[in-house]
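Everything below concerns the one structure shown next.
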Amino acid sequence: MVVLKIKHCPLTRVPQTQRVSLFSVAIVHMGMLTALDQFMLGAVLGGAMDLFDAFIAIFIGSLIFGIVTFGLGLAGMREGLSGSLLARWCGFGRIGSICIGLVIAVSLLGWFGIQNAIFAHSLNFATGNKLGFGWAAALSGIVLTTLVAFGFKALQFTARIAVPLFILLVAYISTSVLSVHADQPLSEIIKLPHFGETLSISAGITIVVGGAIVASLMTPDLTRYTKSGTHVFGITLLTMIAGEFVINGLAILIAKTLHTSDVVTIMSQVAGGAGLLVVVFSTLRVNDLNLYSSSLGIINAVEGITGKKLRYPPTAIVIGILGTLLSILGILERFVDFLTVLGVVFPPILGVMLVDYYILRSHRQALDESKAQGELPHTTPTIGWAAIIASIIGSVVGLGVHWGVPAVNSLLLASFVYWLINQRYLGKERKKECSA
């Protein structure tokens, strides 16, 4: 895992002197999607879809991810601002950006529950099912929450080794599975039917988007350190190839060949104890970040709305307990539903921000003038009701309307509604100016 050796600049612009190389940012950004959750997603697609349909879903979902990620990442590079700061001047205002942070924090809580459930399955499997899933989930959740809440440094070790170990494991499993089944050519694997509950192409596209869309919203946090739009494009392309096509693609082939989409079964069946160990390290790495970021998001949201400052350790403990409870209640069994919700809730937010920044340019003058001084705009909108309303409408329609692709429906509708509301508002303002 590569760490950017730079100032964090959480509430300021990143100056040009702090910009770093393409590779330095790309390796961190790729780490978001070269992880266990993407392998899980690919395995689910492999079990629920024909190979051709699964790759169509990956291609279209990746295209959506690539467009919105590049657009938002480019804005972050130009302004030197993080995603949460950028949202303040891209339609949502101060309180609206806090609400976005709260939504991200809740989604990370869900991811914590899912990853902890995988950890628990691995732990239970390693003990010969003696613990039982419920006790294993409670134990793993409590231990990890304690480590993160009280700042133990041991997790930094797992963070450094988890990504390279996971990539090596995927390469080893792919080589082993495909070499063992060498007598079964790719043409035969392509024809293998799916063995799980069927997913349509539109549903597949939505969960592909859902699996990566939080990374899209967090992209400006990284691309604000890049030097050019070309770098942003390269980062987006590399992440798409590594995470969506390589990790997802291999997971699809492996799941079909082994006739299972259970990650723990795949890892233990092919790599034995070493595979389970890598699963443990990977879930530790991801859940360390999930719990830490979710806790900070809740703390920032509460402080921004009420002015009350929550302490980090008790907040992390409460969120860890909630995430552990989600694991025990079976959130892993609702993995597809979870990704579907993410795939229709986050695209409207991204759509609104892109429309505001590139089309309406509501605050571009203020951003440009303050950028020349290396500062933030002196005035910040309190709350962007139009952005919030458009995002809610897009999400509701995306969840409720099953025609077409839900992720695309929510993205386009929210973008159009936001543009329409602003056009009507601007029209009224012009009439007032003319009458005056």
Side-chain angles (χ1 to χ4, degrees), residues 1 31-41 44 100-124 133-152 154-156 158-159 162-163 166 207 210-218 221 263-264 278-302 310-343 345-346:
M1 181 180 180
M32 293 182 181
L33 295 191
T34 52
L36 186 63
D37 46 9
Q38 282 299 305
F39 192 87
M40 288 170 52
L41 171 58
V44 167
I100 292 175
L102 190 59
V103 172
I104 293 175
V106 171
S107 72
L108 293 177
L109 173 63
W111 277 117
F112 179 92
I114 287 171
Q115 297 286 348
N116 188 61
I118 299 171
F119 191 129
H121 277 299
S122 302
L123 181 61
N124 190 41
F133 172 74
W135 285 109
L139 179 61
S140 61
I142 289 171
V143 170
L144 181 62
T145 298
T146 303
L147 289 174
V148 177
F150 294 99
F152 282 73
L155 290 177
Q156 293 183 1
T158 64
V163 172
F166 176 74
I207 69 170
I213 200 67
V214 178
S216 296
L217 198 54
M218 296 170 69
D221 299 355
V263 171
V264 174
V278 173
V279 170
V280 169
F281 278 152
S282 297
T283 52
L284 279 173
R285 179 191 75 88
V286 174
N287 260 357
D288 175 23
L289 297 174
N290 286 338
L291 184 56
Y292 178 74
S293 299
S294 182
S295 301
L296 291 186
I298 297 294
I299 291 171
N300 291 335
V302 171
L310 300 178
R311 293 179 60 240
Y312 173 73
T315 303
I317 289 173
V318 171
I319 293 174
I321 292 172
L322 290 175
T324 302
L325 185 59
L326 287 176
S327 301
I328 297 172
L329 292 176
I331 190 175
L332 184 59
E333 280 67 44
R334 311 297 298 180
F335 183 55
V336 172
D337 296 331
F338 176 70
L339 292 182
T340 300
V341 171
L342 295 186
V345 169
F346 281 97

Can you tell which of Leu322, Leu144, Ile319 makes a side-chain contact (heavy atoms from CB on, under 4.5 Å) with Phe112? Leu144

Go through Trp111 and Leu342 one step at a time and tell me if the side-chain contact (heavy atoms from CB on, under 4.5 Å) criterion holds. CA-CA 11 Å; Trp111 277 117; Leu342 295 186; 3.6 Å; yes

Can you tell me how far the CD atom of Gln115 sits from the CG atom of Leu332, to the nearest 0.5 Å? 9.0 Å

So CG of Leu325 and CG of Leu109: to nearest 0.5 Å the spacing works out to 9.5 Å

Worked check of side-chain contact (heavy atoms from CB on, under 4.5 Å) between Ile100 and Leu217: CA-CA 10 Å; Ile100 292 175; Leu217 198 54; 3.7 Å; yes

So CG of Leu41 and CG of Leu36: to nearest 0.5 Å the spacing works out to 11.5 Å

Quick one, Asn124 and Trp135 - any side-chain contact, counting heavy atoms below 4.5 Å? no

Donor-acceptor under 3.5 Å (Asn116 side chain, Thr324 main chain): no

How far apart are the closest heavy atoms of Ile114 and Ile331, and which atoms are they? N-CG2, 3.7 Å

Test side-chain contact (heavy atoms from CB on, under 4.5 Å) applied to Thr145 and Ile321, step by step: CA-CA 8 Å; Thr145 298; Ile321 292 172; 5.6 Å; no

Nearest heavy-atom neighbours spanning Ser294 and Ala105: OG-O, 2.8 Å

Enter the distance from Leu123:CG to Phe133:CZ here, rounded to the nearest 0.5 Å. 10.5 Å

Ile142 and Thr146 have their tightest heavy-atom pair at O-OG1, 2.8 Å

Heavy-atom pair with the smallest gap, counting every atom of Ile118 and Val264: O-CG2, 4.0 Å

Nearest heavy-atom pair of Ser327 and Ala117: which atoms, and what distance? OG-N, 3.6 Å

What I'd like to find out is whether the side chain of Ile207 reaches to under 4.5 Å of the side chain of Phe335, using heavy atoms alone. no

So, Asp37 side chain and Gly211 main chain: donor-acceptor pair closer than 3.5 Å or not? no

Do Ile298 and Ser295 have side chains that approach each other closer than 4.5 Å (heavy atoms only, starting at C-beta)? no

